[in-house]
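Each residue takes its place number in the sequence, starting with 1. Quick caveat: nothing in here was measured; it's all calculated off a predicted structure.
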Amino acid sequence: MKFNIYLKALLLGFTIIFIASCDKDYNEIGADVIGDNDNHYGFDVDSTKTVKAYNLAIGPVQTNNLPINALGSYNHPKFGRTTANFVTQLELVAADPKFYSPTIDSVYLYVPYFSELTETDSETGDRTFELDSVYGGTAKFRLSVYESGYFLRDYDPADGFQEAQKYYSNQNAIFDANKIGTPLNNDVLSVSQNEEFYFKTNEYKIKYQKDGEEVIKERKAPGIWLDLDEDFFAQKIFNAPSGKLINNNVFKDYFRGLYFKAEELPSSPIGAMAMLNFKQGKIVIEYEDETSSTDDTRKKKSMSINLGGNSVNLFENAESPEFSAALATANPSIGDEKLYLKGQQGSIAVIDLFGSEDLKGVDPNTGLLNNTPNGISDEIDEMKVNNWLINEANLTFTIDNTSMASSEEPYRIYLYDLNNRRPIYDYYTDFSTRANTKFNKVVHGGIIDTQKIVGGRGIRYKIRLTNHVRNLIKNDSTNVRLGLAITESISTVSNVKLKTPITSGSSSIDRIPTAAVMNPLGTILYGNRSSVPEGKKLKLKIYYTKPD
């Protein structure tokens, strides 16, 4: 009987713990409440601590060998137009191919989009997809693909070939000046592949004739599909000088790559842009050739060339007057009324917490405040001497949804240690995962909170920095400046270099998060200037427990 009572109590305890741990708000209030029966604890929330945030334009940024690249010409309603071009080396799938008497049937280039299969017709097998990371829908722009005459080096000769070569977002003029000949995607019967290109949602079917009937050989998910100039590839590949296809090192110098050039169409002023993994792309040459040097029987053959090796994303920006003015008038001293976060060659926000006033210190003998500065913010010192136990701390950024009403919104923002170019501690202690990895680390947050209606607009972003604040109080961690940026992938925490380092305060900023460069979108958030309505101000909220 006693065992049953004990078992029920144990199960009840586990149930309570499970429910608390699965709280949809991931509320940490109540954590770190430590004491004995003689102490009485009061729970409170503080939102009076100093927060200063201001805009920072980043200028040209390193864009070679990004995991994800942009292509297109897109006019964001609030931030202006960005045209994204792309250049890549090529790699033979099979080096030193043998040709005898080849004749080309077709040449095509295919790069898949990010997409999700939504439906399959049970009778025809036809599939329906929904595209992801495509902005502007089916709006059009001009797309031209050229042979590139510029060699993308692995190492930088200026550093004695000791450092990897860096290429930057504002170097489009170099590659444009070194394009060779006329566009290779020159099919005059299909202007949707060149003069009026758009991101199609349909799947592609590769077909052949068998016994007078059309047979589907292969189905491909939606992607860039371009029929390329057959005469060019016959000359470049089949008639290549001896030894030029022997390995990829030689081949990359012989055929230096492709340059994808996007241009705005006056008839489509908004335009469109997609994020792509070009490493999944390839050129396929379908041809007929003799079986071997001793067998002249002709057979259908296929040769593939990957879009591999070095690559560079190139941006041409025409900023809106509003965005340019916001960056030009950024105020590091008192912060900005609105924070303009823009991916690619855009902008970030710099955030300082707890102010710089240092008139007091903590007496090591009494644990009380004295009048001796100690290099630590007085706001942090006060929390220390009052023995605050931090249950939760968060920054809530309210979206200016009036300004963003007609704009695509980024799904996530990223808070990081700007001084040391790494995530804050809360990032490392959050192991939550989701099926869609873009939403991993959901407890740490930064994910857009939208209106609870179909197609609801963004309301706010909330980021938890509980452990970051705890470390400032308990472990005397340095109160570093924080950076806030758009992110394409919360899993990507590497950094890329700025072409020109920025002096901000007493230090220099020379890198930004790679994932910020991989996202073309932007958002406008309220800062904490006195002109911002109280309910919309950026605030640091600290939920704490303090002994009575």
Side-chain angles (χ1 to χ4, degrees), residues 57-64 66 68-88 109 111 113 131 133-146 148 150 167-179 182-185 191-200 224 226 257-278 281 307 311-324 327 340-347 407-408 410 486 488 496 499 516-522:
I58 62 171
V61 62
Q62 181 188 351
T63 52
N64 54 303
L66 296 173
I68 305 295
N69 291 273
L71 179 67
S73 183
Y74 179 60
N75 190 12
H76 193 285
K78 302 306 295 185
F79 292 89
R81 178 173 294 280
T82 295
T83 298
N85 304 320
F86 179 74
V87 62
T88 180
L109 179 148
V111 182
Y113 303 141
L131 301 189
S133 301
V134 172
Y135 309 102
T138 56
K140 299 175 181 179
F141 61 93
R142 180 180 293 110
L143 177 63
S144 306
V145 180
Y146 294 89
S148 175
Y150 190 92
Y167 294 98
Y168 294 91
S169 56
N170 68 335
Q171 293 182 300
N172 184 70
I174 295 174
F175 294 97
D176 192 59
N178 283 275
K179 64 183 186 292
T182 57
L184 301 178
N185 56 327
V191 294
S192 64
Q193 294 190 19
N194 39 62
E195 292 298 311
E196 297 181 6
F197 180 87
Y198 66 96
F199 299 111
K200 297 180 181 179
I224 295 176
L226 304 177
L258 296 180
Y259 169 56
F260 293 73
K261 180 177 182 178
E263 297 174 272
E264 173 190 358
L265 285 178
S267 59
S268 185
I270 298 298
M273 183 175 293
M275 307 307 297
L276 299 158
N277 182 354
F278 278 92
L307 308 189
S311 64
V312 188
N313 219 170
L314 305 157
F315 304 136
E316 297 176 291
N317 289 342
E319 295 174 350
S320 70
E322 176 184 343
F323 183 38
S324 293
L327 298 181
Y340 288 72
L341 305 184
K342 171 68 170 63
Q344 295 179 332
Q345 184 181 307
S347 59
S407 305
E408 296 266 9
I486 302 297
E488 176 66 22
V496 290
K499 189 172 186 180
V517 184
M518 291 157 49
N519 192 305
L521 299 181

Task: From NZ (K342) to CG (L327), nearest 0.5 Å - done: 11.0 Å

Open item on the list: Just verifying a value: how many Å separate E263 CD and N85 CG, rounded to the nearest 0.5 Å?
Closed with: 8.0 Å

- [ ] Check the pair E322, Y340 against side-chain hydrogen bond (donor to acceptor under 3.5 Å, both in side chains), reporting the backbone distance first and the verdict last.
- [x] CA-CA 10 Å; E322 176 184 343; Y340 288 72; 2.8 Å; yes

TODO: Would you indicate whether the side-chain heavy atoms of L307 and F86 approach each other to under 4.5 Å?
DONE: no

Open item on the list: Which residues pass the side-chain hydrogen bond (donor to acceptor under 3.5 Å, both in side chains) test with Y259, not counting sequence neighbours?
Closed with: N172, D176

Open item on the list: I need the minimum non-hydrogen distance between F197 and L226, along with the two atoms involved.
Closed with: CE1-CD2, 4.2 Å

Open item on the list: For the backbone of G343 and the side chain of N519, can you confirm whether one donor and one acceptor N or O come within less than 3.5 Å of each other?
Closed with: no

- [ ] Report yes if some heavy atom in the side chain of V111 is under 4.5 Å from a heavy atom in the side chain of L71; otherwise report no.
- [x] no

Open item on the list: Working to the nearest 0.5 angstrom, can you tell me the gap between F175 CZ and L258 CG?
Closed with: 13.0 Å

Open item on the list: Testing the basics here: between S347 and A57, what is the closest heavy-atom pair and its distance to 0.1 Å?
Closed with: CB-CA, 4.2 Å

Open item on the list: Please report the interatomic distance CZ(F199) to CE(M273), rounded to the nearest 0.5 Å.
Closed with: 8.0 Å

- [ ] Give the minimum heavy-atom separation between V312 and Y167, together with the two atoms involved.
- [x] CG2-CB, 3.7 Å

Task: Least distance between heavy atoms, A70 atom then N313 atom - done: N-OD1, 2.7 Å

Open item on the list: Any non-hydrogen side-chain atom of P520 less than 4.5 Å from a side-chain atom of H76?
Closed with: no

Task: Smallest separation among heavy atoms of E408 and Y74, with atom names - done: CG-OH, 3.4 Å

Task: Rounded distance (nearest 0.5 Å) linking atom CG of L521 with atom OH of Y135 - done: 4.5 Å

- [ ] List for me each residue that meets side-chain hydrogen bond (donor to acceptor under 3.5 Å, both in side chains) alongside S73, sequence neighbours excluded, and say none if there are none.
- [x] R81, T83

Open item on the list: If we ignore hydrogens and angles and just use 3.5 Å, is the side chain of S169 paired with the main-chain N or O of V61 as donor and acceptor?
Closed with: yes

- [ ] Taking all heavy atoms of S311 and all of N69, pick out the closest pair and write down the distance.
- [x] OG-ND2, 4.5 Å

Open item on the list: Counting C-beta onward and ignoring hydrogens, is there a side-chain heavy-atom pair between L109 and I224 closer than 4.5 Å?
Closed with: yes

Contacts under 3.5 angstrom, residues 137-146 side chains, donor-acceptor by atom type, not counting sequence neighbours:
unit_1, atom_1, unit_2, atom_2, d
K140, NZ, E196, OE1, 3.3
R142, NE, E195, OE1, 2.9

TODO: Measure the OH-NZ distance between Y168 and K499 for me, rounded to the nearest 0.5 Å.
DONE: 8.0 Å

